[in-house]
2 protein chains.
Amino acid sequence: MLGYQPNALARSLAGRPSHTLGLLWAESGSGPGDDGLSSFLAGLGEVLYTAGYTLALAGGVSPNELALRLDELLSRQVDGLILLAAAFPDDERLIRRLAEGACPLVVCGAAPEGIPAARVDINQAEGMQLATAHLLALGHRRLAYLDAPGEWPYRGRREGFLTAVRGSNPAPESILIATNGGESSGYQVGERLLRASHPPTAFVCANDALAIGLMRAAWSQGVAIPEEVAVVGFGDSPAAAYTVPALTTVRGSLRAVGADAGRVLVEAVATGEPAKGTYLTSPKLVIRESCGSHLWL
Amino acid sequence: MLGYQPNALARSLAGRPSHTLGLLWAESGSGPGDDGLSSFLAGLGEVLYTAGYTLALAGGVSPNELALRLDELLSRQVDGLILLAAAFPDDERLIRRLAEGACPLVVCGAAPEGIPAARVDINQAEGMQLATAHLLALGHRRLAYLDAPGEWPYRGRREGFLTAVRGSNPAPESILIATNGGESSGYQVGERLLRASHPPTAFVCANDALAIGLMRAAWSQGVAIPEEVAVVGFGDSPAAAYTVPALTTVRGSLRAVGADAGRVLVEAVATGEPAKGTYLTSPKLVIRESCGSHLWL
DNA sequence: GTGAAAGCGCTAACAT
DNA sequence: ATGTTAGCGCTTTCAC
């Protein structure tokens with residue numbers, strides 16, 4: 001008789017690996033902002049499924065929820081675990097459970113301290129370096145960096161900016177400005193800085209929201225972008241293509257991140273070693289209109 | 001001794017329900033367009049996890065892949081299944097397996113024919129009716145509807161438009177225009193229709209991309225929106241808030257759809273009955289600038 | 001080589 | 001009430 005399906009549960013019970021990988025998703029709770037998940041899952045799924053694994057997905061917002069979901073995943077005898085988080089709660093008990101869970105771990109995005117895991121991410125620093133270098137190449141010598149709070153992903157971006165600036169000779173003037181990372185914060189900075197006596201000629205923004213806010217401020221003050229001031233964002237949010245002028249920004253492939261995460265984890269499970277190392281995929285600069293390079297011909 | 005975790009596999013093997021629900025995701029393969037998944041999963045997860053279920057996620061693009069994933073899910077002894085698809089392949093063998101799978105089924109989005117399942121979706125028709133009624137209330141009497149191909153979700157939207165038009169007295173003039181659903185298609189229609197001798201005064205578009213393309217065409221021909229022509233979209237894509245003028249459009253909550261799907265499935269699993277019925281969540285009209293009602297005061 | 005038996009961790013149906 | 005046992009579907013071991 002054909003069409004027989006072995007019972008995966010029984011198989012796993014009998015000592016075989018479960019061929020299930022857990023994805024623990026720390027929702028940021030910040031609403032619809034955290035999209036890109038479908039790309040991530042598509043990339044992840046592609047490698048997992050061809051490797052014969054199934055994905056168990058669980059998530060939550062609070063440390064308590066996450067701990068519960070983690071236990072459920074573990075009780076499902078997952079062979080490995082992926083942590084996906086824009087901001088992973090720094091809960092000590094949670095982190096301990098994770099470390100004790102004792103299955104290979106890979107973390108994407110925010111990385112909790114003190115657990116043995118591989119890290120996969122897009123290369124935030126490289127992306128911001130690309131963006132900054134673009135501005136520098138266009139001749140800008142007075143740069144403002146609109147920073148955003150939180151370790152991930154902003155620390156890497158900030159460093160990328162800094163290394164680009166430091167690597168430039170002669171050294172350009174640069175100023176770092178702290179913001180809350182939101183559009184309105186970008187607007188406020190623009191309002192203040194654009195009417196300064198000797199304003200920056202280029203703004204590099206830690207994310208697209210800041211850039212969009214800044215552009216709004218420029219518009220409302222009648223300063224022309226990109227003619228008078230250049231701006232770059234980071235993230236290539238869907239809105240970036242529709243702003244006026246269209247925003248030059250950095251795009252990372254979440255799909256690639258998902259695929260990397262899958263590969264690293266599958267490999268670790270296969271060898272029985274804990275996953276380790278850092279795997280960074282290179283983002284690219286998508287050049288639109290907000291820096292003016294499209295006017296060059 | 002504390003901290004003991006029962007083995008979920010063994011428990012399920014011993015005859016108990018697996019407390020695992022499968023999510024079979026038919027990726028459209030159309031790239032990053034199909035986002036909103038994170039909202040859906042957040043809504044779904046919220047109800048599943050509090051009900052004590054874990055999610056097994058698997059997906060693919062082709063019918064073959066989907067059939068494979070489905071078998072894996074089934075072999076995991078899932079208690080119920082959710083089908084998530086913008087366009088579910090009409091593969092006969094796949095559909096048969098689904099029907100034979102004999103666990104409660106709920107489908108979100110495109111619904112294959114001939115399987116006993118509950119359907120959950122946003123109320124496409126109601127949304128488009130809302131949008132059309134808005135235009136009608138603003139006094140428009142010559143409407144063009146930019147249709148898009150494919151059964152789901154466009155059939156419902158079209159019907160919503162039609163019932164709004166039919167319900168209006170005196171009946172407005174209306175014309176249905178077939179497009180391919182893309183921005184460029186919207187642009188072409190705009191190019192053609194806007195220079196007609198007696199053009200429509202309002203355009204209702206099956207999705208935001210069409211609306212954006214249409215607005216581009218209007219811009220390039222110097223026709224003013226919303227002063228000369230009004231336009232509404234559907235979907236509230238992230239770009240909609242950033243077009244100039246900002247696009248009035250219909251927004252449905254994917255999060256609510258996910259939550260509904262979870263509720264319906266959990267209920268069906270609990271009662272042991274196959275899931276059935278249709279569950280529609282009401283979208284709302286987000287009024288921005290492209291229809292002109294914001295000018296009214 | 002093929003075939004029988006033990007056991008994975010748990011639950012259900014028994015027996016005491 | 002508590003304790004014991006069979007068995008879920010598979011894999012692995014050990015005997016033939």
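So that the names make sense, note that chain A is the first sequence line, chain B the second, and so on, each numbered from 1.
Inter-residue side-chain proximity for B:Leu37 and B:Trp25 is flagged as met; some heavy-atom pair is nearer than 4.5 Å.
Under the 3.5 Å distance criterion, the side-chain polar atoms of B:Asp208 are matched with a main-chain donor or acceptor of B:Phe234.
Judged by closest nucleotide on DNA chain D, A:Leu13 is the one of A:Leu13 and A:Arg16 placed further toward the 5' end.
The nearest whole Å value for the distance from the CD atom in B:Gln77 to the C1' atom in C:dG9 is 16 Å. One atom, CG of A:Leu9, and another, P of D:dG7, lie 20 Å apart when rounded to the nearest Å. Rounded to whole angstrom, the span from the CZ atom of A:Arg11 across to the C1' atom of D:dC8 amounts to 16 Å. Rounded to an integer number of Å, the gap from A:Gln5 CD to D:dC8 P is 20 Å. Distance CG (B:Asn7) to P (D:dC8): 18 Å, rounded to an integer number of Å.
Look at A:Arg76 and A:Glu72 and you find no salt bridge, because none of the NZ, NE, NH1 or NH2 atoms lies under 4.0 Å from a carboxylate O.
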>> Does A:Val106 form a side-chain contact (heavy atoms from CB on, under 4.5 Å) with A:Asp260? I'd like the steps, not just the answer.
In response: CA-CA 10 Å; A:Val106 0; A:Asp260 275 0; over 6 Å; no

>> For a salt bridge (Lys or Arg N to Asp or Glu O under 4.0 Å) check, start with the C-alpha distance between A:Glu100 and A:Arg96, then their side-chain angles and the critical distance, and finish with the verdict.
In response: CA-CA 6 Å; A:Glu100 286 165 1; A:Arg96 266 237 309 286; 3.7 Å; yes

> Stepwise, does the salt bridge (Lys or Arg N to Asp or Glu O under 4.0 Å) test hold for B:Arg263 with B:Glu267?
Replying inline: CA-CA 6 Å; B:Arg263 262 190 292 273; B:Glu267 161 92 23; over 6 Å; no

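With C:dG9, C:dA12, D:dC10 as the choices, the nucleotide that has an atom nearest any side-chain atom of B:Ala14 turns out to be C:dG9. When the nucleotides C:dA12, D:dT11, D:dG9 are ranked by their closest atom to the side chain of A:Ala10, D:dG9 comes out on top.
Residue B:Tyr4 has a polar side-chain atom (N or O) positioned under 4.0 Å from OP1 or OP2 of C:dC10.
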>> Taking Watson-Crick (N1-N3 plus N6-O4 or O6-N4) and G-U wobble (N1-O2, O6-N3), each under 3.5 Å, can you produce the dot-bracket string of DNA chain D? Use [ ] for crossing pairs and | for inter-strand ones.
In response: ..|||||||||||||.

